[in-house]
Amino acid sequence: MTAQDVTRAVSVITTGDGEVHHEHVYGTRKPELWWIFFGRRWVRLPINVYVIEHRDGLVLFDTGQDRAVVTDPGYYPDPITAFFYRHIFRDIHIGPEDTLPVQLEGAGYSAGQVDKAVISHLHSDHVGGIADIPQADLYAGEKGFDYMRGPNHPERQTVYRDRIEIPGAKWHMIPFAPTDDPAVVPFTEAFDLMGDGSMIVLPTPGHLPGSVSMLVRRGAAPPLLLVGDLTYDEQLLDRDQVGAVGDPAQLRETYAKVRALRKHTPDLIILPAHDPDAAQKLDESAVAQAP
Ligand SMILES: [Zn+2]
């Protein structure tokens, strides 16, 4: 038994879906306010949560979108933010059956079983389930917290401090440490979440300060790289095409590191947080594992 055989199953659940501008996903040279208000092409994306069943407990990568965004008229912290977000997202569907607890039940687990959740970044569609898992240790990048607590209206970037620093939430800054693990070259810093090499968190900034990805190693099956919103589609990564949200230079720098990582792990499966094909990719790779 290798260290990675402790990863028993990986699945994906979806906490609803919604439409974003084409530019949001595929990038644009147009100014942000132009595409937000005048962009006419929309792309429907799911809001995924990855569920990793480990010998020592249940781990989530991201927690999805809070259903309150469609049920609570006071969801947005102020009217200007609400006005912006009516132009950035449209046609959001999050039914009662799409909440994190119901989705976890459908996958054979319960919200009360979750031990840890690694949050790729602090956007509202990634932290929306934290109130449902108060017992869980929550991990996010330190620079994300600095950004959330700083000026410059982070709430206009869907970072809502009041919904992140909720009473009782067991937040931890990810304690990145230098690594010489050949499996993560060219990354030089990492955090070994379970202490056994099965889930390695890596700093992948660009979409939002403090954004992280997680390498999941699972015995004989190909490893996974859960990348949050670094990219929406592996082909965009191959084409060096970055979305319109975030710092383009930093996104490209991180893209190059992820491509270099994939070069020495050719069977690596890259799974974005909004990948519509994630379930299929996990199914196919699980089949590949069978003798
Ligand atoms: Zn997202």
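Given the structure is predicted, the values throughout are model-derived calculations rather than measurements.
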Task: Fellow cluster residues of Val185, listed by chain then number, with links counted only when side-chain atoms sit under 4.5 Å apart - done: none
Open item on the list: Clusters formed by hydrophobic residues whose side-chain heavy atoms approach within less than 4.5 Å: which one holds Leu58, and what are its other members?
Closed with: Ile13, Val49, Val51, Leu60, Leu100, Leu104, Tyr109, Val114, Ile119, Leu122, Val127, Ile130, Ile133, Leu138, Phe145, Tyr147, Met148, Val159, Ile164, Ile166, Trp171, Met173, Leu208
Return the minimal non-hydrogen interatomic distance between [X] and [Y], and the atom names on each side.
X      : Y      : result
Ala221 : Ser285 : CB-O, 4.3 Å
Lys143 : Pro209 : O-CB, 3.8 Å
Lys30  : Trp35  : O-CD1, 3.9 Å
Val201 : Met214 : CG2-SD, 3.9 Å

Open item on the list: For a side chain to side chain donor-acceptor pair (under 3.5 Å) check, start with the C-alpha distance between Asp196 and Ser198, then their side-chain angles and the critical distance, and finish with the verdict.
Closed with: CA-CA 6 Å; Asp196 58 14; Ser198 59; 2.6 Å; yes
Side-chain contact, heavy-atom cut-off 4.5 Å: [X] with [Y]?
X      : Y      : value
Asp66  : Tyr160 : no
Val25  : Leu45  : yes
Phe187 : Ile200 : no
Asp137 : Asp115 : no
Val216 : Leu226 : yes
Lys116 : Met194 : yes
Leu215 : Thr265 : no
Ile94  : Thr71  : no

Does the [X] side chain pair with the main chain of [Y], one donor and one acceptor, at a distance under 3.5 Å?
X      : Y      : value
Arg262 : Asp267 : no
Thr15  : Gln65  : yes
Gln157 : His123 : no
His207 : Gly246 : no
Thr7   : Arg218 : no
Glu142 : Phe176 : no
Asp247 : Gly206 : no
Thr14  : Ile47  : no
Asp98  : Gly95  : yes

TODO: Could you check Phe83 against Tyr76 for ring-ring contact (aromatic ring centres under 6.0 Å, His included), going step by step and ending with a plain yes or no?
DONE: CA-CA 9 Å; Phe83 171 76; Tyr76 293 110; over 10 Å; no
Open item on the list: For Tyr232 and Tyr26, I'd like to know if the aromatic rings sit close, meaning centre-to-centre distance below 6.0 Å.
Closed with: no
Open item on the list: Looking only at the aromatic ring of each residue, does the gap between the centers of His22 and Trp42 stay below 6.0 angstrom?
Closed with: no
Under 3.5 Å, which donor-acceptor pairs do the side chains of residues 268-279 form with other protein atoms, sequence neighbours left out?
residue : atom : partner : partner atom : Å
His274  : ND1  : Pro46   : O            : 2.8
His274  : NE2  : Asp125  : OD2          : 2.9
His274  : NE2  : His126  : NE2          : 3.4
His274  : NE2  : Asp229  : OD1          : 3.1
His274  : NE2  : Asp229  : OD2          : 3.3
Asp275  : OD1  : Asp277  : N            : 2.7
Asp275  : OD2  : Lys281  : NZ           : 2.6

Value rounded to 0.5 Å, distance of [atom1] in [X] from [atom2] in [Y]:
X      : Y      : atom1 : atom2 : result
Leu261 : Leu202 : CG    : CG    : 7.0 Å
Glu165 : Arg149 : CD    : CZ    : 4.5 Å
Gln241 : Thr28  : CD    : OG1   : 10.5 Å

- [ ] Taking salt bridge (charged side-chain N to carboxylate O under 4.0 Å, His left out) as the test, write out the residues that go with Arg67, two or more places apart.
- [x] none
Open item on the list: Could you work out, with salt bridge (charged side-chain N to carboxylate O under 4.0 Å, His left out) as the rule, every residue matching Arg252, not counting sequence neighbours?
Closed with: Asp240
Are there more than 12 heavy atoms of other residues, nucleotides or ligands under 6.0 Å from atom [atom1] of [X]?
X      : atom1 : result
Gln235 : CD    : no
Asn152 : CG    : no
Asp78  : CG    : yes
Lys170 : NZ    : yes

Open item on the list: Hydrogens and angles aside, do Thr158 and Ser124 bring a side-chain donor and acceptor to less than 3.5 Å of each other?
Closed with: no
Open item on the list: So, using ring-ring contact (aromatic ring centres under 6.0 Å, His included) as the criterion, who are the partners of Phe89 when residues are at least two apart?
Closed with: Tyr85
Open item on the list: Applying side chain to side chain contact (heavy atoms under 4.5 Å, CB included) to Phe61 and Met199, what does each step give before you reach the verdict?
Closed with: CA-CA 10 Å; Phe61 188 75; Met199 289 177 237; over 6 Å; no
TODO: If the plane angle is over 60° it's perpendicular, under 30° parallel, otherwise tilted; pick one for Tyr139 and Phe191.
DONE: tilted
